[in-house]
Amino acid sequence: MPSRQQKFLNLFTRIVQKPALAFVRPVWLSRIVANQSAMFFVKPKGLRTSIITTHSDGTPLLTEIRTDASRATPKGTLLYIHGGGFVIGSLPLYRHLVAAIADAAGLRAMFVDYRLAPEHPAPAALDDVAQAYAHISQMAEGQPIAIAGDSAGGNLALALILRLKSRNAALPYATVCLSPVTDLRGGNPSFTANVKTERLLPPKWALRSGAAYKNGADPTDPELSPILGDFTGAPPTLIHVDTGEILYDDARLMADHLRSQGVDVTYTEESGLLHVWHLNIGRSPEADKSVAQIVDFLCSHAPASDAPRLDSKANSA
């Protein structure tokens, strides 16, 4: 059974956030969510950010997140790719989570602000993520890189692996996907079967958001639906999902697909939690436990200090 804290968060999300997703326009929704994050999420001590590189219009593309707990000399870099149905999402909503994961794993925390649909449909988001990854590779001085993403960001994390493989670029040492979107064709049973148990995502909103991102593109393209891609030789991958989510089958079937291609998969199902419950780290024991699992995964798969380093010149994505 969920903890008392988690039950309150579940109720708040169902009553407040889910209706907002269904009825509020994305431009206003991003502002509302950002303001909520300041009130509800536990901000790490000494949290600060610095822009590393920008889009052509001067808006941030890649931002570093640091706290008082950040290592002066990190062991590598974590690139985090946010969710939000490809149409919303920003740094204020995620900086506390990204910092917590990276600090505990001894990694440098980096956040990518990719362009959002519908103004910027596919492949704009993936192009931005690939640009951010290439930039990190050039500045990381050979240190290992891990990538993580939630929901739509999980889709982009997996799609990035496929793009790097297709260009023979060096891969990250690990991938983390939290309740990922993996199949933009639609039709997975949980998308309709779990409507009543899904606490955050209105199915119609998810369909509209996916359509805005695809913008008429073929959903059988593996860069849109990674579950159709060839992941042979991909790095170890962690996947978290709750059994009550409409994206349950996206995550479950993706884990099966990766395993069938020889990928080392760590797959965990929870029950009675929210979509990307990890955001409530410091507010619920379930989030704390799952974030600790992510940290353990990243640490256990980190290359040994004397292992061959990544060739940054090979990472022009």
Side-chain angles (χ1 to χ4, degrees), residues 18 21-22 26 29 33 80-89 93-94 112 114-118 120-129 147-163 175-195 197-215 217-229 231 234 237-258 265 267-270 273-279:
K18 190 173 184 178
L21 279 174
L29 187 60
V33 170
Y80 196 92
I81 309 165
H82 71 80
F86 307 101
V87 298
I88 62 172
L93 179 60
Y94 285 92
V112 54
Y114 55 85
R115 289 169 292 170
L116 300 172
H120 304 284
L126 181 57
D127 289 345
D128 291 346
V129 170
I147 59 173
D150 68 279
S151 198
N155 175 292
L156 293 170
L158 293 165
L160 175 62
I161 296 294
L162 294 175
R163 180 171 290 192
T175 306
V176 173
C177 295
L178 310 179
S179 304
V181 178
T182 66
D183 193 343
L184 288 181
R185 295 173 300 174
N188 281 334
S190 65
F191 199 84
T192 53
N194 285 357
V195 169
T197 54
E198 169 62 58
R199 294 173 172 83
L200 176 62
L201 300 180
K204 290 183 179 180
W205 179 83
L207 288 173
R208 289 198 306 268
S209 301
Y213 179 61
K214 289 183 293 185
N215 193 36
D218 183 0
T220 64
D221 180 349
E223 288 196 350
L224 291 175
S225 296
I227 199 166
L228 302 176
F231 285 87
T237 302
L238 177 146
I239 297 177
H240 282 180
V241 70
D242 186 87
T243 58
E245 296 188 61
I246 59 174
L247 293 176
Y248 169 58
D249 284 337
D250 277 54
R252 178 180 63 84
L253 297 175
M254 189 71 217
D256 291 344
H257 180 69
L258 292 171
V265 177
Y267 173 75
T268 300
E269 293 182 357
E270 300 290 349
L273 306 183
L274 301 167
H275 178 63
V276 194
W277 63 92
H278 313 71
L279 285 165

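A quick note: this is a predicted structure, and the numbers were derived from the prediction, not measured.
Residue Ile161 holds its CD1 atom at 12.0 Å from CD of Glu223, rounded to the nearest 0.5 Å. Put simply, CG on Leu200 and CH2 on Trp277 are 12.5 Å apart, with the number rounded to the nearest 0.5 Å. Rounding to the nearest 0.5 Å places CZ of Phe231 at 3.5 Å from CG of Leu162. The structure places CG of Asp127 at 10.5 Å from CG of Leu156, a figure rounded to the nearest 0.5 Å. The line from CD of Glu198 to CG of Leu274 is 8.5 Å long, rounded to the nearest 0.5 Å. Summarising the geometry, atom OG1 belonging to Thr175 is positioned 9.5 Å from atom CD1 belonging to Ile239; distances are rounded to the nearest 0.5 Å.
Nearest heavy-atom pair across Ala212 and Pro121 is O-CB, 3.7 Å. Taking all atoms of both residues into account, the shortest heavy-atom contact from Ala251 to Pro180 is CB-CD, 3.9 Å. Ala152 and Gly84 get closest at one heavy-atom pair: CB-N, 4.4 Å. Of all heavy-atom pairs between Pro226 and Leu158, the closest is CB-CB, 3.7 Å. Minimum heavy-atom separation, Val276 to Ser179: N-OG, 3.7 Å. Smallest separation of non-hydrogen atoms from Ser209 and Gly85: CB-O, 3.1 Å.
Side-chain atoms of Ser190 come within 3.5 Å of backbone N or O of Ile246 as a donor-acceptor pair. With hydrogens and angles disregarded, a donor-acceptor distance shorter than 3.5 Å links the side chain of Ser225 to the backbone of Leu184. Not one N or O on the side chain of Tyr267 forms a donor-acceptor pair closer than 3.5 Å with the backbone of Met254. For the pair Glu269 (side chain) and Thr243 (backbone), a donor-acceptor distance under 3.5 Å is absent. In this structure a side-chain-to-backbone donor-acceptor pair under 3.5 Å is missing from Asp150 to Leu178. His240 places no side-chain N or O within donor-acceptor distance of the main-chain N or O of Glu270, the cut-off being under 3.5 Å. A donor-acceptor pair under 3.5 Å is formed between the side chain of Asn155 and the backbone N or O of Leu224.
Residues Asp183 and Leu253 have side chains not in contact (no heavy-atom distance under 4.5 Å, counting atoms from C-beta outward). Under the 4.5 Å side-chain criterion, counting only non-hydrogen atoms from C-beta, Trp205 is not in contact with Lys18. Between Ile227 and Arg185, some side-chain heavy-atom pair lies under the 4.5 Å cut-off.
Between Tyr80 and Tyr94, the angle of the ring planes lies from 30° to 60°, which puts this pair in the tilted group.
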Problem set entry | Worked verdict on Arg163 versus Leu126 for side-chain contact (heavy atoms from CB on, under 4.5 Å) | CA-CA 9 Å; Arg163 180 171 290 192; Leu126 181 57; 3.5 Å; yes
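Partners of Asp249 by salt bridge (charged side-chain N to carboxylate O under 4.0 Å, His left out), not counting sequence neighbours, listed by chain and number: Arg252. Residues passing the salt bridge (charged side-chain N to carboxylate O under 4.0 Å, His left out) test with Arg199: none are found, sequence neighbours excluded.
Residue Asn188 forms a side chain to side chain donor-acceptor pair (under 3.5 Å) with just one option from Asn194, Asp250, Thr182, and that option is Asp250.
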